[in-house]
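Computed from heavy atoms alone, side chains included, the values below leave out hydrogens, waters and symmetry copies.
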Amino acid sequence: MVKALILIADGTEEMEFTIAYDTLIRAGIECTSAFIPRGLSPYGSSDTSPPLAVCSRQVKILPDITLDPLSAGPEKYDALIIPGGMGGAVTMAESTEVQNLVRSYYNHPEKRTIGMICAGSKVAITAKLPGQPITSHPSVQSEFPEHFEYKEQNVVVSAVPGKATLVTSRGPGTAFPFVFTLIELLCGKDKRDEVVGPMIFPSGTTGYPF
């Protein structure tokens, strides 16, 4: 079974997280959500373990686990997904554990997939990924160094030979084409179409193909 690790933190964008998690499950992908802690959060606190993630619009989500880098690597999961939401994205981008995790997926000899959406694409900068095509929410576009080939597209797929495939996207409104792209890469076009059909999107609204 294909497996995906989806990161979440206080301030994560709810739609980007839940649309990715839910739609990947529909494709038969086993998903695990991992909480990334950040000291005293301005979003609130929780006594649960793992703690409730208080998302950008104050929706509370109980993650499956708290991130343990030793058991979260590319030997266990086929894909690593990083949602946006500025608060959560900053936590992830500043986390040494997340930076190392992204690099381990990117460089793994068995080709993996990394998905980043909205401000979550900031992690590509702090993880020091090499220059390649990328996109993000427009609010963080200016943060990308010149060696990245920035594109104003709904979804950008970068496949550097011998490295993980990097899929980036722009925001909540592009979350569906983002996750459909991930499903196609992980499970094939037939599985993507199988998932899209029963969801009954109005004609021309899936954003896919982009």
Side-chain angles (χ1 to χ4, degrees), residues 3-14 16-17 20-21 31-46 48-56 61-132 134-137 139-148 150 158 160 162-169 178 182:
K3 297 182 179 181
L5 182 68
I6 308 176
L7 305 187
I8 187 170
D10 289 331
T12 287
E13 214 294 320
E14 297 88 329
E16 294 164 3
F17 173 83
Y21 197 116
C31 294
T32 301
S33 57
F35 182 75
I36 313 300
R38 181 190 174 89
L40 295 176
S41 169
Y43 295 90
S45 61
S46 171
T48 63
S49 181
L52 288 169
V54 184
C55 295
S56 60
I61 296 175
L62 180 62
D64 297 310
I65 60 172
T66 297
L67 181 68
D68 176 4
L70 295 179
S71 61
E75 300 80 14
K76 183 172 182 180
Y77 298 97
D78 303 284
L80 175 66
I81 315 298
I82 300 176
M86 190 61 73
V90 168
T91 294
M92 296 178 199
E94 293 180 351
S95 166
T96 301
E97 290 80 8
V98 172
Q99 294 167 17
N100 291 337
L101 193 65
V102 168
R103 285 192 290 268
S104 71
Y105 275 78
Y106 189 74
N107 293 312
H108 196 266
E110 296 180 15
K111 195 172 178 68
R112 297 298 186 235
T113 299
I114 301 172
M116 301 177 179
I117 184 169
C118 194
S121 297
K122 286 163 59 75
V123 180
I125 303 171
T126 57
K128 294 181 170 56
L129 295 188
Q132 57 196 293
I134 200 165
T135 195
S136 69
H137 193 274
S139 64
V140 298
Q141 177 176 347
S142 63
E143 298 183 28
F144 286 86
E146 291 184 357
H147 67 271
F148 283 101
Y150 194 90
S158 174
V160 176
K163 301 296 182 181
T165 299
L166 177 64
V167 181
T168 54
S169 190
F178 170 67
L182 292 170

I'd like to know if the side chain of Y106 reaches the main chain of K163, judged simply by a donor and an acceptor atom lying under 3.5 Å from each other, with no hydrogens or angles considered.
no

Quick one, I125 and P145 - any side-chain contact, counting heavy atoms below 4.5 Å?
yes

Measure across F35 and P63 and return the closest heavy-atom pair with its distance rounded to 0.1 Å.
CB-CG, 3.7 Å

Once you round to the nearest 0.5 Å, how far does CD1 of I117 lie from OG1 of T135?
10.0 Å

In Å and rounded to the nearest 0.5 Å, what is the OG1 to CD distance from T168 to Q132?
8.5 Å

Quick one, V98 with V123, criterion side-chain contact (heavy atoms from CB on, under 4.5 Å). Give me CA distance, side-chain angles, the key distance, then yes/no.
CA-CA 8 Å; V98 172; V123 180; 4.0 Å; yes

Return the set of residues passing ring pair (Phe, Tyr, Trp, His ring centres under 6.0 Å) with F144 (not counting sequence neighbours), or none when no residue passes.
F148, Y150

Can you list every pair that meets salt bridge (Lys or Arg N to Asp or Glu O under 4.0 Å) and has a residue in residues 92-110, with sequence neighbours left out?
R38-E94, E110-R112

For the side chain of D78 and the backbone of K3, is there at least one donor-acceptor N/O pair under 3.5 Å apart?
yes

When rounded to the nearest 0.5 Å, the distance separating CG of L5 from OG of S71 is 9.0 Å

Atom CD of residue position E75 - does it have more than 12 heavy atoms of other residues, nucleotides or ligands inside 6.0 Å?
yes

Any side-chain heavy-atom pair from T12 and M92 closer than 4.5 angstrom?
yes

Between I61 and C55, the two heavy atoms sitting closest are CD1-SG, 3.7 Å

Starting from the C-alpha separation in whole Å, work towards a yes-or-no answer on side-chain contact (heavy atoms from CB on, under 4.5 Å) for V102 and I114.
CA-CA 8 Å; V102 168; I114 301 172; 4.2 Å; yes

Please test E14 against S56 for side-chain contact (heavy atoms from CB on, under 4.5 Å), starting from the C-alpha separation and ending with a verdict.
CA-CA 7 Å; E14 297 88 329; S56 60; 2.8 Å; yes

Gap between atom CD1 of I134 and atom NE2 of H147 - 0.5 Å precision:
8.5 Å

For I6 and A20, the nearest pair of non-hydrogen atoms, with its separation, is CD1-C, 4.3 Å

Can any side-chain N or O of E16 pair as donor or acceptor with the backbone N or O of G84 at less than 3.5 Å?
yes

Taking the side chain as every heavy atom from C-beta outward, state whether L182 and T113 have any atom pair closer than 4.5 Å.
yes

Calculate, to the nearest 0.5 Å, the distance between atoms CG and CD1 belonging to L7 and I81 respectively.
9.0 Å

Residue pairs meeting side-chain hydrogen bond (donor to acceptor under 3.5 Å, both in side chains), one or both in residues 117-128, sequence neighbours left out, come to K122-E143

Between the side chains of T32 and D64, is a donor N or O closer than 3.5 angstrom to an acceptor N or O?
no

Any idea which heavy atoms bring A53 and A9 closest together, and the distance?
CB-O, 4.1 Å

Measure the spacing between OG of S33 and CG of L67 and express it to the nearest 0.5 Å.
11.0 Å

Can you name the nearest heavy-atom pair linking L101 to A72, along with the distance?
CD1-O, 3.5 Å

